[in-house]
S.K.: 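One structure is given below, represented as structure tokens, and several questions about it will come after.
As a basis for the values below, the full set of heavy atoms in this structure was taken, side chains included, without hydrogen atoms, waters or symmetry mates. All values derive from a computational prediction rather than experimental measurement.
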Amino acid sequence: MFKDSKAFSGFSVNDIDAAYQFYSETLGLTVIKQEMGVTLLGLQISGNQNNVMIYPKPNHEPATFTILNFPVDDVDKAVDELTAKGVVFEKYDSPYLKTDDKGISRGNGGPTIAWFKDPAGNILSVLK
């Protein structure tokens, strides 16, 4: 039934204007405002161009998992550029997950990855 559907993802935020500014200006994505919220246009997801809907929700609870992963060629460079724009990277120091001073997890049985949050507290990452 849904095999050929043009499915898309969505998530909530508590401040649609802050989300618009963050995703368009800080992350540099193509974002449009619509009646239902904002849409991130043309993200490459699994090799296809897809849109992601961000909608306002008054009782928004931030996701406790990564909602968007952005593959990059150089995680250090991406972290440095986003840090310069005021993005704060998460730091972890647990037996199963450790990050360095920049917030980058390296060689912990997974990709080189760094997590950060959008203004609504949703978790995003850059990874290689």
S.K.: Decide if atom NZ of Lys102 counts as having more than 12 heavy atoms of other residues, nucleotides or ligands within a radius under 6.0 Å.
M.R.: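 Enclosed.
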
S.K.: Going from CD1 on Ile104 to OG1 on Thr99, what distance comes out if it is rounded to the nearest 0.5 angstrom?
M.R.: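 Answer rounded to 0.5 Å: 9.0 Å.
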
S.K.: Do Lys85 and Asp80 sit within salt-bridge range, that is, some charged N less than 4.0 Å from a carboxylate O?
M.R.: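 Result for this pair is no, no salt bridge flagged.
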
S.K.: Counting only heavy atoms not in Tyr92 (residues, nucleotides, ligands), do more than 12 fall under 6.0 Å from its OH?
M.R.: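 Count over threshold, so yes.
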
S.K.: Look up atom CZ in Phe8 and atom CG in Asn51, then write down how far apart they are to the nearest 0.5 Å.
M.R.: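 Answer for the CZ-CG pair, Phe8 versus Asn51, is 8.5 Å.
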
S.K.: Between Phe22 and Leu29, is any pair of side-chain heavy atoms under 4.5 Å apart?
M.R.: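 Heavy-atom side-chain distance check fails, nothing below 4.5 Å.
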
S.K.: Output the distance between atom CD1 (Ile123) and atom CG (Leu68), rounded to the nearest 0.5 Å.
M.R.: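 Output value for this atom pair is 11.5 Å.
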
S.K.: For atom CD of Glu61, is the number of surrounding heavy atoms from other residues, nucleotides or ligands below 6.0 Å larger than 12?
M.R.: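 Incorrect, the count does not exceed 12.
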
S.K.: Can you measure from OG1 (Thr83) to CZ (Phe89) and round to the nearest 0.5 angstrom?
M.R.: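 It comes to 5.0 Å.
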
S.K.: Taking the side chain as every heavy atom from C-beta outward, state whether Val38 and Tyr23 have any atom pair closer than 4.5 Å.
M.R.: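 Of all side-chain heavy-atom pairs linking Tyr23 with Val38, none is under 4.5 Å.
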
S.K.: Looking only at non-hydrogen atoms, find the nearest pair between Met53 and Thr39 and report the distance.
M.R.: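 Smallest heavy-atom distance, with atoms named: SD-OG1, 3.8 Å.
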
S.K.: At their closest point, which heavy atom of Gly37 faces which heavy atom of Pro56, and how far apart are they?
M.R.: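 Between these two residues, the closest heavy atoms are CA-CD, 4.0 Å.
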
S.K.: Would you call Asp76-Arg106 a salt bridge at under 4.0 Å N-O?
M.R.: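 A salt bridge links Asp76 with Arg106.
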
